[in-house]
Novice: 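Before anything else, here's the structure in question.
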Amino acid sequence: MKTLFTEHPNSVNETYGQHMVMSASFGVAMLCGAFAAMVHAVFPFLFEKTGSAIITRLHDRMVTNRVRLSGDARQPAKQASIQPVAAE
């Protein structure tokens with residue numbers, strides 16, 4: 001039963017408590033981004049870049065800067081390469 005709560009946090013080199021705090025901070029940031037996006041939908045002159053800035057910051061925290069365990073050595077997470085699509 002304990003592994004249900006620790007397997008994933010361990011896979012990202014965090015304790016259960018660290019993972020809970022990190023996940024909660026992501027949730028709060030997403031709620032703030034959702035609020036900004038909803039306000040921006042009605043008042044397009046407000047929060048013009050807030051949602052995208054939050055997404056970029058979360059991506060950097062979650063993907064670019066995350067350290068994962070690879071065997072016994074700590075290795076940076078591999079970042080997916082996103083290539084722009086040329087217009088035809």
Side-chain angles (χ1 to χ4, degrees):
M1 180 67 143
K2 181 181 178 186
T3 59
L4 290 174
F5 292 94
T6 59
E7 184 177 357
H8 173 65
N10 288 339
S11 74
V12 293
N13 198 30
E14 294 173 345
T15 66
Y16 174 79
Q18 290 169 328
H19 191 72
M20 181 172 48
V21 169
M22 183 66 71
S23 294
S25 73
F26 275 81
V28 169
M30 287 189 275
L31 286 171
C32 291
F35 173 78
M38 295 301 293
V39 171
H40 177 73
V42 178
F43 303 105
F45 51 89
L46 296 176
F47 302 116
E48 292 179 7
K49 297 181 182 182
T50 305
S52 59
I54 290 171
I55 291 168
T56 299
R57 190 170 63 245
L58 289 175
H59 179 268
D60 287 345
R61 284 177 57 201
M62 184 181 289
V63 178
T64 306
N65 297 323
R66 172 148 287 178
V67 174
R68 296 180 187 269
L69 289 177
S70 174
D72 291 337
R74 296 176 81 185
Q75 299 292 326
K78 292 183 180 177
Q79 183 175 351
S81 176
I82 301 173
Q83 301 295 326
V85 177
E88 293 182 23

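This one's a predicted model, so the numbers in the text were calculated from it and none came from an experiment. Index from 1, following the sequence.
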Novice: Which of these passes side chain to side chain contact (heavy atoms under 4.5 Å, CB included) with R57: I54, I55, D60?
Specialist: I54

Novice: Of the non-hydrogen atoms in L58 and A29, which two are nearest, and what is the gap between them?
Specialist: CD2-CB, 3.8 Å

Novice: Please examine the side chains of Q18 and V21, heavy atoms only from C-beta on, and report whether any two atoms are closer than 4.5 Å.
Specialist: no

Novice: Quick check: closest heavy atoms across L46 and H40, and the distance to 0.1 Å?
Specialist: O-ND1, 2.8 Å

Novice: Quick check: do V39 and F35 have side-chain heavy atoms less than 4.5 Å from each other?
Specialist: yes

Novice: Treating Ile, Leu, Val, Met, Phe, Trp and Tyr as nodes and any side-chain heavy-atom pair under 4.5 angstrom as an edge, say whether M30 and M22 lie in one connected cluster.
Specialist: yes

Novice: So which heavy atom on Y16 is nearest to which on F5, and how close?
Specialist: CD1-O, 3.2 Å

Novice: Would a distance-only check, ignoring hydrogens and angles, find a side-chain to backbone donor-acceptor pair under 3.5 Å from S23 to M20?
Specialist: no

Novice: On a heavy-atom basis, which atom in F26 and which in M62 lie closest, and how many Å separate them?
Specialist: CE2-CE, 3.5 Å

